[in-house]
There are 2 protein chains.
Amino acid sequence: MDIAEVAKASGLPASTLRFYEEKGLIQSNGRFGLRRLFSANVIERLALISLGRSAGFSLDEIGEMFTPEGPDINRTLLLAKADELDSKIKALTSMRDGLRHSAACNAPNHFECPKFLRLLRVAGKNRFRQANIKLKRKVRTYLP
Amino acid sequence: MDIAEVAKASGLPASTLRFYEEKGLIQSNGRFGLRRLFSANVIERLALISLGRSAGFSLDEIGEMFTPEGPDINRTLLLAKADELDSKIKALTSMRDGLRHSAACNAPNHFECPKFLRLLRVAGKNRFRQANIKLKRKVRTYLP
DNA sequence: GCTTGACTTCAAGTTGACTTGAGCTTTTAT
DNA sequence: ATAAAAGCTCAAGTCAACTTGAAGTCAAGC
């Protein structure tokens with residue numbers, strides 16, 4: 001397949017495909033003149049990348065999942081990611097419930113609605129930041 | 001409360017709190033000298049912001065949820081966001097299942113495991129990009 | 001009364017994930 | 001045979017969400 005076909009099939013712009021190739025997330029298997037040639041299985045790989053992105057993983061993290069550094073390290077990493085997703089799913093679910101409730105609720109302000117506040121507090125229990133932000137943030141110096 | 005107390009209670013650095021205030025996501029209610037004073041309810045608001053961020057909303061989107069432009073527009077927006085979250089939850093769930101399966105599976109490569117590929121295809125059905133990326137991306141010129 | 005340390009502002013820097021543009025080459029349609 | 005369309009590379013630009021740094025202010029403790 002040439003890059004335009006991959007773009008069409010995956011829904012990603014060609015520039016993104018070149019960028020992903022440069023990052024090592026996908027491979028082209030040869031050239032026709034200058035032009036990259038891709039094999040069909042790149043589509044599945046791109047689907048997985050999109051899925052991972054939408055789940056909040058960084059491209060680097062997705063890359064790690066593809067290239068197991070050792071058999072056990074990889075397994076452990078995958079399970080850790082799965083657990084991370086679990087708490088993300090919980091947060092999303094309470095966010096969703098909160099939004100639905102807010103839409104139905106006739107309190108003047110969501111912050112005055114006890115149901116909303118309860119959802120907020122429940123959700124706050126498994127609080128976390130986005131993975132890629134968490135990783136790069138240094139130890140804070142604002143606390144004693 | 002002064003900014004350090006808010007930082008401690010919310011887990012966010014003071015610089016972020018100033019940044020959020022500048023963006024209009026939170027308000028300080030007065031000053032003591034130069035120093036901002038916050039009322040205690042800012043903590044709940046920050047919890048909601050963190051929750052929204054972890055659910056993948058941009059700060060601008062979160063801001064929109066706070067400031068209803070009209071009573072109905074707001075309600076519709078909230079429900080739309082809730083639906084968006086629903087498909088996000090589905091994607092995360094299949095991603096999580098895929099990861100857990102991969103960790104347990106002994107196929108040499110996840111792409112050779114039919115169970116994994118099936119999960120991938122199911123997840124691909126409700127494919128989407130991250131909201132903030134989707135919003136800024138122009139109409140693509142790569143397709144005919 | 002002066003130092004200290006927590007605060008302030010404002011501008012500039014950073015990071016991840018792409019996109020855009022310039023300038024070139026190659027394929028394809030006429 | 002030639003021009004348009006599609007690819008290519010490589011550098012630079014963009015955007016959101018913060019962070020960092022410099023330079024100043026101010027209340028509190030000694």
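Each chain gets a letter, A, B and so on, in the order its sequence line appears, and its residues count up from 1.
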Output yes when at least one side-chain N/O atom of [X] is less than 4.0 Å from OP1 or OP2 of [N], else no.
X: R36(A); N: dG7(D); value: no
X: S15(B); N: dC18(D); value: no
X: R18(A); N: dC10(D); value: no
X: Y20(A); N: dC18(C); value: yes
X: R31(A); N: dG7(D); value: no

- Checking side chain to side chain contact (heavy atoms under 4.5 Å, CB included) against L17(B), which of L46(B), L25(B), V42(B) comes through?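 Answer to the side chain to side chain contact (heavy atoms under 4.5 Å, CB included) test with L17(B) among L46(B), L25(B), V42(B): L46(B).
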
Which listed nucleotide ([options]) is nearest to the side chain of [X]?
X: D2(A); options: dG7(D), dC7(C), dT19(C); result: dG7(D)
X: A4(B); options: dC7(C), dT19(C), dA27(D); result: dC7(C)
X: L34(A); options: dT26(C), dC7(C), dT19(C); result: dT26(C)
X: R35(A); options: dA5(D), dA17(D), dT19(C); result: dA5(D)
X: S58(A); options: dT9(D), dA28(D), dA17(C); result: dA17(C)

- Do Y20(B) and I43(B) share a hydrophobic cluster, counting only Ile, Leu, Val, Met, Phe, Trp and Tyr and linking them when any side-chain heavy atoms are less than 4.5 Å apart?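 Hydrophobic grouping puts Y20(B) with I43(B).
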
Check the distance between [N]'s [atom2] and [X]'s [atom1] and give it to me in whole angstrom.
X: L59(A); N: dC18(C); atom1: CG; atom2: C1'; value: 9 Å
X: L37(A); N: dT27(C); atom1: CG; atom2: P; value: 11 Å
X: I3(B); N: dT9(C); atom1: CD1; atom2: P; value: 8 Å
X: E64(A); N: dG16(C); atom1: CD; atom2: P; value: 13 Å
X: F19(A); N: dA17(C); atom1: CZ; atom2: C1'; value: 5 Å
X: R53(A); N: dA16(D); atom1: CZ; atom2: C1'; value: 13 Å
X: K23(A); N: dT19(C); atom1: NZ; atom2: P; value: 14 Å
X: F32(A); N: dC8(D); atom1: CZ; atom2: C1'; value: 14 Å

- Quick one: does D83(A)'s side chain have a donor or acceptor within less than 3.5 Å of a partner on D86(A)'s backbone?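 No; judged by distance alone, with no hydrogens or angles, the pair does not exist.
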
- Considering non-hydrogen atoms only, spot the tightest contact between S50(A) and L12(A) and give its length.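 Taking S50(A) first and L12(A) second, the nearest heavy atoms are OG-CD1, 4.4 Å.
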
- Item | Step-by-step side chain to side chain donor-acceptor pair (under 3.5 Å) determination, N41(A) to S39(A) | CA-CA 6 Å; N41(A) 65 29; S39(A) 65; 3.3 Å; yes

